[in-house]
Amino acid sequence: MAPMESTDRELEQVYTSILTAGSPQELKERRIACQSGLLQQLNVIPIEEWTLRVNKMHDLVARQAVTLSEAQMKEAGYGPPPCAYSFIVFGSAGREEATLWSDQDNGLIVEGEPDGSKRSYFRTFGGILSDILEVAGYEKCEGKVMSSEPLWNKTLSEWQEQLAGWRGQLEWEPVRYLIIASDMRHVAGSADLSARWQESFHAGYAGNEKLAAAVLRNTVRHKATLNLLGQVLTERFGDYAGGFDVKYGVYIPLVNFVRHLSLAHGVRASSTLKRLDQLQKLGRYEHLDAVRQAFLTALRMRVNTPYEDKDGLLSSSDYMGEKELKNKQLFAELRESLLLVRRLHRALQRQLRSAERRQS
Amino acid sequence: MRKKMLMMFLAMITLMIYPVSAFAAEGPTTPDLQIGLNTAFTFLAFILVFFMQAGFALLEAGSVRMKNAGHVAGKTVLTLAIACLCFWAVGFGLGFGNGNGFIGTEGFLYGGEGDASFFESLAFSDVTLNVKFLFQMAFAAVSLAIVSGGMAERAKLSVYIIFGILFSVIIYPVVAHWVWGGGWLAEMGMQDYAGSTVVHLTGATAAVVATILLKPRLGKFNKEGKPVIIPGHNQVLTVLGVIILWFGWFGFNPGSALSPMGGFFGHVALTTNLAAVAGGLAALIASWLYFGKSDIPAMLNGVLAALVAITGACAFVEPWAAIVIGLVAGAFTFMTSQWLEKAGLDDPIYAFSVHGIAGMWGAVSTGLFATPELIEEGALVGKAGLFYGGGFHQLGVQVLGVVGTFIFVAVLSFVILYVIKLVNGLRVTEEEELMGLDISEHGTYGYPEQMKLISESEGKSLNK
């Protein structure tokens with residue numbers, strides 16, 4: 001145990017060093033240092049603990065990026081922030097499940113009513129922040145869920161209006177935004193703003209059956225992962241032929257299932273494991289232990305896909321390679337998880353059908 | 001006015017009487033009419049079988065990548081040219097001319113109706129010899145078209161031409177002679193109504209030998225040796241190809257009666273169609289079970305496999321048996337195509353599974369399902385199958401025919417292709433394969449505009 005403890009201590013030091021980075025470049029270097037420490041612990045410590053540590057690093061980097069952005073704004077002559085604000089994250093970062101190669105999914109909540117000075121400050125601030133994060137190794141989000149985008153950078157009252165607007169239109173695109181927003185987590189700035197944001201998100205969701213059905217409709221997309229003989233299906237062509245799509249085959253379906261139950265019961269946690277904890281306390285569902293096991297398998301597979309190291313920054317596909325799939329134990333766990341995913345998927349489809357019958 | 005009307009009426013009556021009286025005076029005899037009818041029927045069947053080449057062109061072109069589509073489609077016309085010319089010069093004589101149990105030895109350089117005495121094996125029918133020749137020639141061309149599929153996307157054009165000529169001269173006619181030209185399998189009473197063995201198994205066996213010797217296309221197997229799908233560039237073309245082949249099969253099978261008299265061809269058309277639909281469904285379901293998604297190319301191959309299987313059996317079996325034959329052909333072909341692929345065989349249009357495995361099953365199936373009534377009514381060859389009290393006799397004959405044909409064609413194809421490989425090489429270079437056979441073999445693309453866009457974007461991404 002001794003060597004691991006020492007790496008733990010080292011890790012603490014690197015964590016602290018992130019918060020003293022004086023420039024985006026330094027931030028990147030400290031992140032890389034932290035990352036290599038974390039990589040040594042991968043598959044050594046339990047996956048849930050490892051994932052938490054990785055996300056702690058991401059949070060620290062983001063917090064320091066916010067600090068650096070404020071400093072840059074001052075240098076550029078914008079002065080200090082005109083009011084309180086909070087930096088929030090969505091997607092896998094929101095769920096505390098980001099990997100070492102996750103891109104950025106984030107936004108800003110600005111206090112109070114919109115006015116010209118706030119707008120001019122935070123538009124620029126959001127852009128700078130997103131750029132700094134890019135330097136620090138977080139690729140810009142293809143789906144444009146970033147603080148540099150007006151859609152995700154708003155005052156609280158604008159946010160509330162936007163959330164209500166999304167809830168009002170039960171179409172694919174706004175519902176997708178709502179689902180992204182449901183994984184929101186506070187990272188830096190005013191925790192109170194984030195809490196109020198979350199309050200209004202859940203208040204609008206509770207008891208809205210039509211909305212729940214619409215969310216369900218967006219998430220029951222099905223990727224065939226097992227054939228009727230129970231064999232695991234791999235990609236048949238393309239760059240990842242022979243590989244298994246961990247993200248859409250097993251990880252996302254489980255995330256969606258747990259999110260669906262959580263939203264239905266007003267569970268506020270954003271991480272899938274914490275959501276599961278709270279759901280289990282409700283005592284209404286029997287198979288949550290199996291879901292947790294399957295989800296841990298999915299997490300483990302997700303961070304064990306083959307990755308490339310480019311100047312310290314990592315990138316990876318969402319596919320488990322054929323070599324890794326040859327690992328008998330891993331493969332058996334995957335199959336077990338996929339059988340569960342298939343059962344859950346069918347259950348959700350049944351729920352959706354009956355919800356649609358009730359509403360029609 | 002009334003007078004005018006009367007005149008017109010009389011004129012019309014005269015006109016109507018004229019042909020009747022001419023008919024009464026010097027009309028064709030009943031045998032003449034029968035010859036004409038049978039010949040016209042067989043000619044119609046010839047047209048349908050000939051049109052199957054259009055089906056092969058679309059099927060094969062749709063199943064390959066854009067960069068090879070022009071080459072592959074054009075090769076079907078080349079197939080017709082080679083097959084027809086060779087069949088005229090020697091194929092018809094070797095296959096159907098009088099001779100021994102192994103080959104025909106008369107009737108080369110076919111000269112028309114006057115050669116009838118050289119072709120006793122075809123004397124059972126009163127269809128004119130020219131039309132019989134055309135009909136058999138179209139069959140030979142179908143057999144060669146199957147070979148072309150196995151060579152797709154990597155064989156040199158010259159190799160196809162040389163092999164195509166030799167196939168049409170010394171492979172196809174020999175098997176045709178054995179079964180249809182009075183050869184040793186015909187003596188034993190082997191049942192192969194329209195050519196599950198003669199046409200399809202022969203073509204497919206040559207194709208699989210070519211496939212093995214050619215080795216897989218670049219990129220067909222990944223680093224771990226697992227097969228990767230190389231999707232064809234246009235599934236719609238492939239679907240059309242299959243429908244045209246299906247349509248053409250109504251000439252292939254029912255036409256083999258060489259006569260519409262008595263309407264027996266209707267039974268053949270019925271069993272043909274029932275098998276085809278059953279095969280398509282079976283393959284679709286099999287792919288659904290196996291891939292978790294229903295696979296359109298698998299369904300298409302299932303239809304073709306069932307058609308191939310019923311080709312030999314169509315006249316010998318009852319409708320329910322045709323459905324069983326189709327179902328088995330469709331499902332089994334799908335499974336074998338997956339196994340063969342896993343075993344490392346790259347058969348771009350699944351020629352061996354669809355025409356070879358299904359051809360074998362079709363040949364064996366009459367040994368199981370042939371009914372004595374149908375043999376008497378119109379099929380006319382061999383004895384009843386196992387399930388109709390015929391015992392194992394016919395089954396044994398069928399198996400022997402399949403094994404004999406397979407060994408003969410495989411050995412001869414291997415020798416021919418191996419010699420070509422040593423002398424000339426079978427395969428285009430790696431670079432040529434990557435740029436596509438349209439450009440490497442012919443200098444122009446089948447899809448010039450699209451290929452230009454593709455090569456430009458590839459150039460850009462390479463420069464990145």
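Bear in mind the structure is a predicted one, so any value in this text is a computation, not a measurement. Lettering follows sequence order; numbering is per chain, from 1.
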Check every N and O of chain B against chain A and note each donor-acceptor pair under 3.5 Å, with its distance.
residue   : atom : partner   : partner atom : Å
Asn222(B) : ND2  : Ala241(A) : O            : 3.4
Asn222(B) : ND2  : Glu322(A) : OE2          : 2.6
Lys226(B) : NZ   : Glu322(A) : OE1          : 3.3
Ile229(B) : N    : Arg236(A) : O            : 2.7
Leu289(B) : O    : Leu228(A) : N            : 2.9
Tyr290(B) : O    : Asn227(A) : ND2          : 2.6
Asp295(B) : OD1  : Arg236(A) : NH1          : 3.2

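For Asn301(B), there are no side chain to side chain donor-acceptor pair (under 3.5 Å) partners at least two apart in sequence or on another chain.
Enclosure of atom CZ in Phe332(B) is not indicated, since only 12 or fewer non-hydrogen atoms of other residues, nucleotides or ligands lie within 6.0 angstrom.
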